[in-house]
Amino acid sequence: MRTISGDEARTLIESQLAAHGHGVFSVLAQYRRDDAVAAWHETIRAVEKFINLPRFGIADVRLRAWLCAIRLDGAFVSNPGPTWLAVRQALAPYLEPSVVARFTRIMLYAGAMGVAFAAHGQDARSAGITLDTIGEAVDYFQSRRRHFVSLLYTMPHACSASLVLQPYDALTVLLPQVEHSCIAISGFHHKLALLEALPDFSLEVDGIGAMASHDFETLDDYFLEPERASIHVMAELRGDQFTTPAMEAMDGQKIFSIAELRNGAKLIGATYEAFGLKDSDFSAMCVLVVAFARYSRDDYYVQIEKDKFRSMLRAQDELSPVELETLLVNVPSDYATNTNAYQPLLDLGDRVVSNVNLLSRFLYAFKNVHLGSRRRFQIHAGFIFEDMVKRDLERMGFTVTNIKRINRKEFDVVATHDGVIFNIQCKNNWIDLLKIEAERKLFARYNRSLTNYYSRALKKERGREHLLKQELGMDKVVHYVVSRFPVIGADAAVINYNQIERLRPPGRVGA
């Protein structure tokens, strides 16, 4: 074991990125493009159903709990028949046969892959996730879904030979690659960002791998990307400020459908209408996305001939057709580049292909970009974030005060616990996490400006803590900045929101 840092660490990380990138490319290069895209598309569909069915597809709480507790261990793998049959019988009254079939297929794969990983000494248990039960397998696949989509985007670029990737083999073939290379690529890009940002960053290197001195978690709960004010938070904390539109009836036996996409577009527009979201650009994009969905097959897959697609872009007059095509169609590229891709359509030469989930994902991301420059939204999102922090502190056992101003000095969130005042500044400054892979030096520069700004803010708060002591009659004040978007820094008083649990008092059990 030896410790490396600086240029030596950078050289090692860059060599590993090149090796893993080549590994992904060489595996995909064996396969014929169209077959691989179709097979992996179907695999992603099955995995998404596996993730969403226990979370949202069943109303019966007891059935969900029973389902999530089912073990997928060696005993299951050696004799899956009874469990497979029990699950099918339990789900059949609620869901259409194809949904049940896809769910049980991934259940079988998850058990087999968990046993295979253990047999080959491959540990797929990051962040405490295992494949031991259906519930844990759901978390596992949710943590990998971004990598699955990135592989799909990479296939038109990499797949160039004649081997046919069969749908029933796709997960067996590519999941080990996700574990070995795809996760490593994201991890090594994060390590380069840490190296740029922290002078004391180092790697402990041995014959097996490299352990970083620091880590950087960019995602929220359920492996979601951070937002200024997500649609779920808007419903929870500002639900009285917008009217939910009339929704289409949906088939309760389906997990995904075109009706769900249309309903989602209406709900996004209504939720953020007060901030000007339903202007011509967003409305035009909604119309286009819904129009694309009319070319769906089996209420999921979308395929449009290239000429027809371009004529649809020219038929609207709000946005430039050329700019629209750039926004909507992924340019074939390498895996690392595709980890940042949000275009909903893949270019397969004479046609473009997509699915309901990719269209929904794009529309939601377009909403975030569209709102990002709206001053009214930025201001209100700041207040919403303060309410998020207050909610979390109350759940952790703090007493949140109603202090907002003392002697004309403003405070964001002031809470108390065990005779100590917690003065918390809530910072909702957006930082583009996609730059970690795409433009790392730009990310590092903006990260540095934010951490310097947060340090100055803490210094300012410490200089006026006497106001809080006098107001609340307590002698001890601690100051924190909670940043909605994660930053890299050495100051323990700056806490990224996805790690707000660091504030939980000792002995308090999580809610």
Side-chain angles (χ1 to χ4, degrees), residues 24 39-58 64-73 76-77 80 83-84 87-88 91 95 98-118 120 122-155 165 167-187 217-225 254-256 300 335 338-339 355-358 360-361:
V24 172
W40 196 237
H41 227 146
E42 167 58 27
T43 300
I44 290 175
R45 182 184 192 183
V47 167
E48 291 284 358
K49 289 183 185 296
F50 185 81
I51 292 170
N52 283 279
L53 191 154
R55 294 196 188 282
F56 314 110
I58 302 172
R64 288 207 309 264
W66 171 80
L67 193 66
C68 289
I70 290 174
R71 294 198 62 77
L72 305 178
D73 52 15
F76 164 79
V77 173
T83 302
W84 177 85
V87 170
R88 287 183 67 89
L91 297 181
L95 300 158
S98 62
V99 173
V100 177
R102 289 186 175 96
F103 183 87
T104 51
R105 185 170 80 245
I106 298 301
M107 178 183 75
L108 293 171
Y109 274 121
M113 295 306 294
V115 170
F117 284 148
H120 290 85
Q122 190 168 355
D123 188 4
R125 300 176 177 231
S126 62
I129 300 169
T130 74
L131 289 164
D132 294 342
T133 67
I134 285 181
E136 291 169 336
V138 166
D139 289 340
Y140 168 82
F141 281 116
Q142 188 155 18
S143 72
R144 269 67 176 169
R145 70 200 310 182
R146 180 188 181 194
H147 300 291
F148 284 20
V149 172
S150 300
L151 274 179
L152 180 68
Y153 284 135
T154 307
M155 285 175 170
L165 182 63
Y168 52 80
D169 279 341
L171 200 58
T172 306
V173 169
L174 294 180
L175 188 56
Q177 194 63 31
V178 169
E179 291 301 320
H180 179 67
S181 289
C182 297
I183 292 173
I185 288 170
S186 295
E217 179 55 65
T218 60
L219 301 179
D220 285 352
D221 290 344
Y222 303 109
F223 308 98
L224 299 174
E225 294 181 0
K254 294 178 180 290
I255 298 297
F256 308 118
Y300 184 77
Y335 177 83
N338 283 322
T339 59
N355 63 53
V356 170
N357 281 350
L358 290 181
S360 297
R361 176 176 179 258

*Asks:* Which atoms form the tightest heavy-atom contact between S186 and H147, and what is the distance?
*Replies:* OG-CE1, 3.4 Å
*Asks:* Just to verify, what does V173 make a side-chain contact (heavy atoms from CB on, under 4.5 Å) with, not counting sequence neighbours?
*Replies:* Y31, L165, D169
*Asks:* Rounded at 0.5 Å granularity, tell me how far CD in E136 sits from SG in C68.
*Replies:* 10.0 Å
*Asks:* With under 30° as parallel and over 60° as perpendicular, where do the rings of F141 and F148 fit, or are they tilted in between?
*Replies:* perpendicular
*Asks:* Test side chain to side chain contact (heavy atoms under 4.5 Å, CB included) on I185 and V24; report intermediate values, then the result.
*Replies:* CA-CA 10 Å; I185 288 170; V24 172; 4.2 Å; yes
*Asks:* In the structure I gave you, are the side-chain heavy atoms of R144 and C182 within less than 4.5 Å of one another anywhere?
*Replies:* no
*Asks:* Give, for atom CG of N52 and atom CG of N357, the distance between the pair rounded to the nearest 0.5 Å.
*Replies:* 7.0 Å
*Asks:* Minimum heavy-atom separation for L67 to P54, with atom names?
*Replies:* CD2-CG, 4.3 Å
*Asks:* Less than 4.5 Å apart, any side-chain heavy atom of Y222 and any of I51?
*Replies:* no
*Asks:* Nearest 0.5 Å, please: how far is CD1 in I44 from CG in N355?
*Replies:* 7.5 Å
*Asks:* Taking all non-hydrogen atoms of both residues, which atom of T133 and which atom of A69 are closest, and how far apart?
*Replies:* CG2-O, 4.1 Å
*Asks:* Please answer whether the main-chain N or O of I58 pairs with a side-chain N or O of R64 as donor and acceptor at a distance below 3.5 Å.
*Replies:* yes
*Asks:* Atom CG of L91 and atom OG1 of T104: how far apart are they, to the nearest 0.5 Å?
*Replies:* 8.5 Å
*Asks:* Does Y140 form a side chain to side chain contact (heavy atoms under 4.5 Å, CB included) with D132? I'd like the steps, not just the answer.
*Replies:* CA-CA 10 Å; Y140 168 82; D132 294 342; over 6 Å; no
*Asks:* Between L219 and L224, is a side chain to side chain contact (heavy atoms under 4.5 Å, CB included) present by the stated rule, with each step listed?
*Replies:* CA-CA 5 Å; L219 301 179; L224 299 174; over 6 Å; no
*Asks:* Could you give me the CA-CA distance, side-chain angles and deciding distance for L95 and K254, then say whether side chain to side chain contact (heavy atoms under 4.5 Å, CB included) is met?
*Replies:* CA-CA 6 Å; L95 300 158; K254 294 178 180 290; over 6 Å; no
*Asks:* Any side-chain heavy atom of F223 within less than 4.5 Å of one from R146?
*Replies:* no
*Asks:* Just do the side chain to side chain donor-acceptor pair (under 3.5 Å) check on Y300 and H41 with the steps written out, would you?
*Replies:* CA-CA 10 Å; Y300 184 77; H41 227 146; 5.4 Å; no
*Asks:* Considering non-hydrogen atoms only, spot the tightest contact between P176 and L171 and give its length.
*Replies:* CD-O, 4.0 Å
*Asks:* Less than 4.5 Å apart, any side-chain heavy atom of I255 and any of R102?
*Replies:* no
*Asks:* Any idea which heavy atoms bring L151 and Y335 closest together, and the distance?
*Replies:* N-CE1, 3.9 Å
*Asks:* Are S150 and N338 close enough that a side-chain donor and a side-chain acceptor fall under 3.5 Å?
*Replies:* no
*Asks:* Do V115 and F76 have side chains that get closer than 4.5 Å, going by heavy atoms?
*Replies:* no
*Asks:* If you round to the nearest 0.5 Å, how far is CZ of F50 from CZ of R55?
*Replies:* 10.5 Å
*Asks:* State, with a plain yes or no, whether a side-chain heavy atom of L72 is found less than 4.5 Å away from one of L131.
*Replies:* no
*Asks:* Nearest 0.5 Å, what's the CG-OG1 distance between D139 and T130?
*Replies:* 9.0 Å
*Asks:* With a 4.5 Å limit on heavy-atom distance, are the side chains of F103 and K49 in contact?
*Replies:* no
*Asks:* Can you check whether Y153 reaches L358 side chain to side chain, under 4.5 Å on heavy atoms?
*Replies:* yes
*Asks:* Under 4.0 Å between a Lys/Arg side-chain N and an Asp/Glu carboxylate O for E225 and R361?
*Replies:* no
*Asks:* What are the two closest heavy atoms between A170 and A39, and how far apart are they?
*Replies:* CB-O, 4.2 Å
